[in-house]
Visitor: 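Below you will find the structure I want to go over with you.
Both backbone and side-chain heavy atoms feed into the values below; hydrogens, waters and symmetry mates do not. Per chain, numbering begins at 1; letters A, B, ... match sequence-line order.
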Amino acid sequence: MPNFNMTENRHTMPVQDPSERRQNFREVALGYDEATAIEEARRCIQCKHRPCMSGCPVGVMIPQFIGLVAEGKFEEAYRVIKRTNSLPAVCGRVCPQERQCESKCTRGVKGMPVAIGRLERFCADYHAAHHCEAPCIAEKNGKKVAVVGSGPAGLTCAGDLVRLGYDVTIFEALHVAGGVLVYGIPEFRLPKAVVRREVEDLQALGVKIVTNAVAGRAFTVGELMREYGFEAVFLGTGAGLPRFMNIPGENAKGVFSANEYLTRVNLMKAYEADSATPIFSAKRVAVIGGGNVAMDAARCARRMGAEVTIVYRRSEAELPARREEIEHAAEEGVLFRFLTNPKRILMDRENNVTGLACVEMELGEPDATGRRRPVEKSGGTFTLDADCVIMALGTSPNPLIKQTTEGLRTGPGGEIETDENGRTSLAGVFAGGDAVTGAATVILAMGAGKTAAKAIHEYLTK
Amino acid sequence: MYRILKKESLNSTVTRMEIEAPFVAKKALAGQFVILRVDERGERIPLTIAGYDRKAGSVTIIFQVVGGTTMALNEKSEGEFLCDFVGPLGNPTDLAGLRRVAVVGGGVGCAIALPVAKSLHERGAQVTSIIGFRSADLVILEREFGEISDRSILMTDDGSRGEKGNVCLPLGRMLEAGERFDEVIAIGPLVMMKYVAAATAPYRIKTIASMNPIMIDGTGMCGCCRVTVGGERKFACVDGPDFDAHLIDFDEAMMRLKTYSAWESRAREAHCNLMKAKVK
């Protein structure tokens, strides 16, 4: 019988002190050291039925890799993860593990679940620091596949296909690969060097990446197949147009979508003194919404020196963001106004934002999503002072592909319709990620990329 | 990397560049735009396409030096490279079925109005071009407009060249005299386009304005380029950049354009100081 560590609590991961980190964009969580990783891995009791794996959209062989960590075989553990997960360093940092693998962990029944995400991150970071062996390149099968979009869905799909011998080219609209991993998720949560390393790993395997290539404009899906000789196309174009509330004042100066604010800060590095990209300098920022994107925007604004309040129409219990992000935001001094809904954005005569007129809400009956529906309380509006408002309300799929791809079936919100294997209404065209589901998580997009890669392989070998 | 094939100064503040970008040139149409970055630390800025040569694989941009990024762009020479150049973005100007058109350009907007007028001319439409500038030394593309227009009118605010006054003056005169157009296409400063729209509204002549708001990605992701058109929110990058000028909320668009003016004036000053330091 192996010697398990039966302590109920997981090992804490060191983090940068809140008072310090709210003034910089360096990574908040610092990762386990080797001794802590081994001790945490020893908390895994190696369940035969592996419940944790049922919670992983990309099917990481969790007990197996954790067992290797417990034995100090870190590189082997990394290889086990990498077999099914193209982006371990990313997932270990941004997956909502508490709602996936860790929520199924037997140790969580009495005490805390094994810190699977932290161990995954440890393995990926260990590998990056210690190993740089030549990649094992699969024998080419001579078939060309195009992947549109280099976010988590596209990178995963490309990674799986290149390992099967396909000649894979990724087309990316922006000037750098990574999609939401580079424009959306902030440096302090996911260092861009980590993303770059994952992308470079794929390039080393033979994946070609073409940046500044906008699908639907520079080329259509049909042209990729007819003129450029791709036998299959994967559309991982991501979430597109940001949603707004449709309240008065949303076009005032100082109102931004979270996408715009985050893109300026993350992709364009507007927080660095020598960046040529302007950023709105605000004293009081109100972030509307309660998801991970809202937390990211709030924590960026905090680091840019503003007083920041998250305004959410439900209560704390309904916040859709990862627990850790909420806690980190609060530690950094982000304030929360729950059960509060803006009705109008107030502005001065030159259209500068001066505040938000809000109403108090209370929770009523559960809605279709099972969450209790917020309803307006009687009692009139009150004002929150703000000179900047960031809308983090989700997005609707990018309209360009739909507009320019004849025969591609889309849903009422513009999302691409697929079957459970990622097949669209067009033969040879597959899709996955936010372009199909609307705004979701990195790992769900990766799962969709993986499923589609399998379906593409079946399609091209039948 | 995208090579600068040709660079030419059109007047003291306006420069024309031909950029090697075969993939953009292959698909570009009048009315579309590109987004470029000068260097690795650079900002992404949108510029409307002023011309393209599919055979040579080149795209022409014409820009006015107004801020830090256009200053940096203007410092680049022939043979040097731009870091990023992506396009064509936005929808092309819809020219189908137009027989009689007035193309109204203002300032550097004339650079964008030219390919539209040229496309119309090539399609056999009757083109009246009205181009306006502040003064004689800022006039650009006068000859080019003359070549492709059935009638070409040059205006300057101070009367130092052509007729004195703004572009609405001759347009209003024509309309009052009973002339009619299938469409009026206005490209220039927001305030000019606003007044062109006001001039044509009483005659119910369809009028199109080409919007050039602040943008980052240009592909429908950041939402920065939103414009209110007929009370609805539109995104210039995916829904435009051309919109029905009678429905655009120009006053709001003018305010939105000033979102970063405080930041930009600081950047411009910093850049000028840097240049001064280099000169010393």
Visitor: Please report the shortest heavy-atom distance between B/P88 and A/A218, naming the atom on each side.
Guide: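 Scanning both residues completely, I find the closest heavy atoms to be CD-CA, 4.2 Å.
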Visitor: For the CG atom of A/L241 and the SG atom of B/C237, what is their distance to the nearest 0.5 Å?
Guide: 7.0 Å
Visitor: What parts of residues 255-263 of chain A touch chain B if we use heavy atoms and a cut-off under 4.5 Å?
Guide: A/V255, A/F256, A/S257, A/N259, A/E260, A/T263
Visitor: Tell me whether A/E227 is salt-bridged to B/K26, with the criterion being a basic N under 4.0 Å from an acidic carboxylate O.
Guide: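 Here A/E227 pairs with B/K26 in a salt bridge, since their nearest N and O are under 4.0 Å apart.
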Visitor: Quick one: pull up CG in B/D217 and CG in A/N398 and give me the separation to the nearest 0.5 Å.
Guide: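 Going from the CG atom of B/D217 to the CG atom of A/N398 covers 8.5 Å.
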Visitor: With heavy-atom distances below 4.5 Å as the criterion, would you say the side chains of A/V210 and B/F23 are in contact?
Guide: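 A side-chain contact under 4.5 Å is absent here.
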Visitor: Could you measure the distance from the CE atom of A/M268 to the CZ atom of B/R37? Nearest 0.5 Å is fine.
Guide: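 That separation rounds to 5.0 Å.
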Visitor: Using non-hydrogen atoms only, which part of B/I214 is less than 4.5 Å away from chain A: side chain, backbone, both, or neither?
Guide: side chain
Visitor: With a 4.5 angstrom heavy-atom cut-off, could you sort out which part of A/P399 is near chain B: side chain, backbone, both or neither?
Guide: side chain
Visitor: Among B/Q32, B/E40, B/R233, who wins on heavy-atom pairs under 4.5 Å with chain A?
Guide: B/R233
Visitor: Go through the atoms of A/A252 and report whether side chain, backbone, both or neither lie under 4.5 Å from a heavy atom of chain B.
Guide: backbone
Visitor: Measuring only between side-chain heavy atoms, which start at C-beta, is A/E350 closer than 4.5 Å to B/K258?
Guide: no
Visitor: Please report the interatomic distance NZ(A/K253) to OG(B/S261), rounded to the nearest 0.5 Å.
Guide: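 If I round to the nearest 0.5 Å, the distance is 6.0 Å.
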Visitor: If you count heavy-atom pairs under 4.5 Å with chain B, which of A/L267, A/T211, A/I279, A/N246 comes out on top?
Guide: A/I279
Visitor: Determine yes or no for a side-chain-to-main-chain donor-acceptor pair under 3.5 angstrom, with B/R226 supplying the side chain and A/N251 the backbone.
Guide: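 No; zero donor-acceptor contacts below 3.5 Å.
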Visitor: Among residues 170-183 of chain A, which residues come closer than 4.5 Å to chain B, judged by heavy atom distances?
Guide: A/A173, A/L174, A/H175, A/Y183
Visitor: Just give me the residue among A/R264, A/M391, A/Q403, A/E272 that pairs up with chain B most often, heavy atom to heavy atom, under 4.5 Å.
Guide: A/R264
Visitor: Which distance, rounded to the nearest 0.5 Å, do you find between the OG1 of A/T277 and the CH2 of B/W263?
Guide: 6.5 Å
Visitor: Hey, could you give me the CZ/NZ distance between A/R217 and B/K27, rounded to the nearest 0.5 Å?
Guide: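 So the gap between those two atoms works out to 10.5 Å.
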Visitor: Given a strict heavy-atom distance threshold of 4.5 Å, which part of B/N91 is in contact with chain A: side chain, backbone, both, or neither?
Guide: both
Visitor: If you count heavy-atom pairs under 4.5 Å between each of B/T69, B/L89, B/V24 and chain A, which one has the most?
Guide: B/L89
Visitor: Answer yes or no: are there more than 12 heavy-atom neighbours, outside B/Y195 itself, under 6.0 Å from its atom OH?
Guide: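 It does not: B/Y195 OH has 12 such atoms or fewer within range.
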